[in-house]
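Only this structure's heavy atoms are used, side chains among them; waters, hydrogens and symmetry mates stay out.
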Amino acid sequence: MTSGILRTTSRLLKPLLLIFSIIVLLRGPNAPGGGFVGGLLAAAAFALQAISTDVASARRGLHVSPQVLMGAGLALATLSGTVGLLAGRPFLTAQSVAIALPWGGELRLGTALAFDASVYLVVLGAVALIILTLAEE
Amino acid sequence: MGVLLTLPILIPLFTAALCLLAWRWWRVQRVLGLVSAFALLCAAAALLYRVRTEGIQAVQIGAWPAPYGISLVADLFSAMMVMITGILGAAVAVYSAGSLDKARQSFGYYPLYHVLLMGVCGAFLTGDIFNLYVWFEVMLMASFVLLALGGGQGQIEGALKYVTLNLMASSVFLAAVGLLYSVAGTLNMADLARKLRHAPEPGIVTVLAMLFLVAFGTKAATFPLFFWLPASYHTPPVAVSAIFAGLLTKVGVYALIRVFTLIFVRDDVYVHTLILVIAGLTMVTGVLGAIAQNEFRRLLSFHIVSQIGYMIMGLALFTPLGLAGSVLFIIHNILAKSNLFLVSGLAQRFGGTFDLKKLGGLYEEHPALAVLFLVPALSLAGLPPFVGFFAKLLLIKAGLEAGSYVIVAVALGVSLLTLFSMMKIWTEVFWKPAPQRHPAVRRRAGAGLWASTASLAALTLALGIAAGPAFDLSRDAAAQLVNPQSYIDAVSRAHR
């Protein structure tokens, strides 16, 4: 009962949504955006796939089960918080290093981004789990 | 520095994450769960030792200074509660590994169990009232799924009642937090304590105190908002009801004691009389409800309610001795109550049912189980030499010193009725001749089931014999509660 128009557009939309979700995630530490919105966008991409084709293909598209995504996210969150502890500061204290780039400027990598990425994974996992389970009913 | 305070939250969190990663291998989850439960126990013991030797510990999460960031604070009371959570968490983890069916174990029991422990520890450690709300929600969500997991109609029905009532209490709690913020402009509990001492409008503060009383009173299952508890606690597997019975309502009691000793202390006469009346009514209704019950776990559930009355009786008296009694009583009750639920599980295993009328003869068949029942049961009824006796003694003495003779009389009367109830279980389950058994019942139980049940009973006995040190600890915890300045000071010097 899926329509051809929806199927074709969603094939185009899904990669766009995923790329956009990553951009939103990477903006997170310094600008509006972040893991939560990014995770929702990514989940929307898989929801679109589930609606336009079928649930099984959306599950295959995720590659791992939603539970594993949530677990990976939670583990990453814990670890990113622990970096602060290892540096002798309280849990979740943001730590970052600046890497000088060869073409000038610097790249700042920190636990804030790792924490955002963990939120991304947990939100993607949780929403995908809910949507895919409901869609299968 | 600050690591010890974070560990009781970090360990269960990381375990839950690993269990989710190992979603398909429930045996791996089981091993992880057991290891982590004992790690939590060790971390809790280390925290208690640190607080005992070096005083109140506080840390600012993410190094954001108070009152803007979230404080984690462990005074003696918090540390003792985390310790007892660790003990119970380990005991029930062992019990559930040996008693739960495969379907539940492979469908998320372990991650949820550790999320529940994380919520409980977080609630005990947080120094921020909104954060307390968050931990309550973490706990509620995990407990709701644990309650409903793998269930038939009875379990779902119990879970619905449980979640509806608890969500209502949560919304009252949240509304109260919002109003409190608009009055005081802060959510940090130590900061609130300082600001509300000189609040311009004491009337509003009293109204807020009442809202918190309703919210935490529902969570703690006090009169008249207790009915969700006996409607739901007898439905899930025994391991789940044991951990619920031990910990969940006590988090509500903890929150009551925390806010009414730290934040709402101005208006003590009016509020504390009200709490005293609630305490008395809770004791009486709980124990009267229990008399009519013939289902093992339903009967115990009503006793949970009744015992909550004793815990808030010490709070209502608001003397150092009364609070010491409350603290010791909570510790004793968590041990004894969970122990009784674990015994009910073993009795059901051997007798094939939870129905007291259909059980019987277990004294003859399993004398060890009879002993394991008698220890917590007599402690609950308040007989020496168990710790329950000493906890009740402190409360009664505090009541007499405060001149509240009515509540003392009620407490003593309810003790007798509790004894009566426990003896009813004794005669029905253990003493009367064994009825015709269903041929399918099991004759044996794994070593883990026995060990976890026995270790809780041994602790009840040990705390009774070492009543001196236990009393010292509770007295010092109460001294910190009565004098909130030390708590406030600790937060202002918190590690960043």
[X]-[Y] side chain donor-acceptor pair, cut-off 3.5 Å:
X        : Y       : answer
A:Tyr120 : A:Ser21 : yes
A:Ser57  : A:Asp54 : yes
B:Gln60  : B:Ser71 : yes
A:Ser10  : A:Ser52 : yes

Open item on the list: Using a 4.5 angstrom heavy-atom cutoff, name the option from B:Thr15, B:Ile9, B:Thr6 with the most pairs to chain A.
Closed with: B:Thr6
Open item on the list: Only pairs of heavy atoms separated by less than 4.5 Å count here; which of B:Leu18, B:Leu10, B:Leu72 has the most with chain A?
Closed with: B:Leu10
Task: Residues B:Asp75 and B:Arg258 bridged, charged N to O under 4.0 Å - done: yes
TODO: Specify whether B:Tyr254 and B:Phe77 have parallel, tilted or perpendicular ring planes, treating 30° as the upper limit for parallel and 60° as the lower limit for perpendicular.
DONE: tilted
Open item on the list: Report, in residue-number order, which members of residues 69-78 of chain A are under 4.5 Å from chain B by heavy-atom distance.
Closed with: A:Met70, A:Gly71, A:Ala72, A:Leu74, A:Ala75, A:Thr78
Task: Residues from residues 94-102 of chain A approaching chain B under 4.5 Å (heavy atoms) - done: none
Open item on the list: At a 4.5 Å cut-off on heavy atoms, which part of B:Leu21 comes close to chain A: side chain, backbone, both, or neither?
Closed with: both
Any donor and acceptor pair, going by atom type alone, linking the side chain of [X] with main-chain N or O of [Y] inside 3.5 Å?
X        : Y       : value
B:Tyr487 : B:Ala74 : no
A:Thr9   : A:Leu6  : yes
A:Arg27  : A:Pro32 : yes

TODO: With side-chain contact (heavy atoms from CB on, under 4.5 Å) as the test, would you mind laying out the steps for B:Trp135 and B:Val138 before giving the verdict?
DONE: CA-CA 5 Å; B:Trp135 288 123; B:Val138 168; 4.1 Å; yes
Task: Heavy atoms from other residues, nucleotides or ligands near CG of A:Leu86 exceed 12 (cutoff 6.0 Å) - done: yes
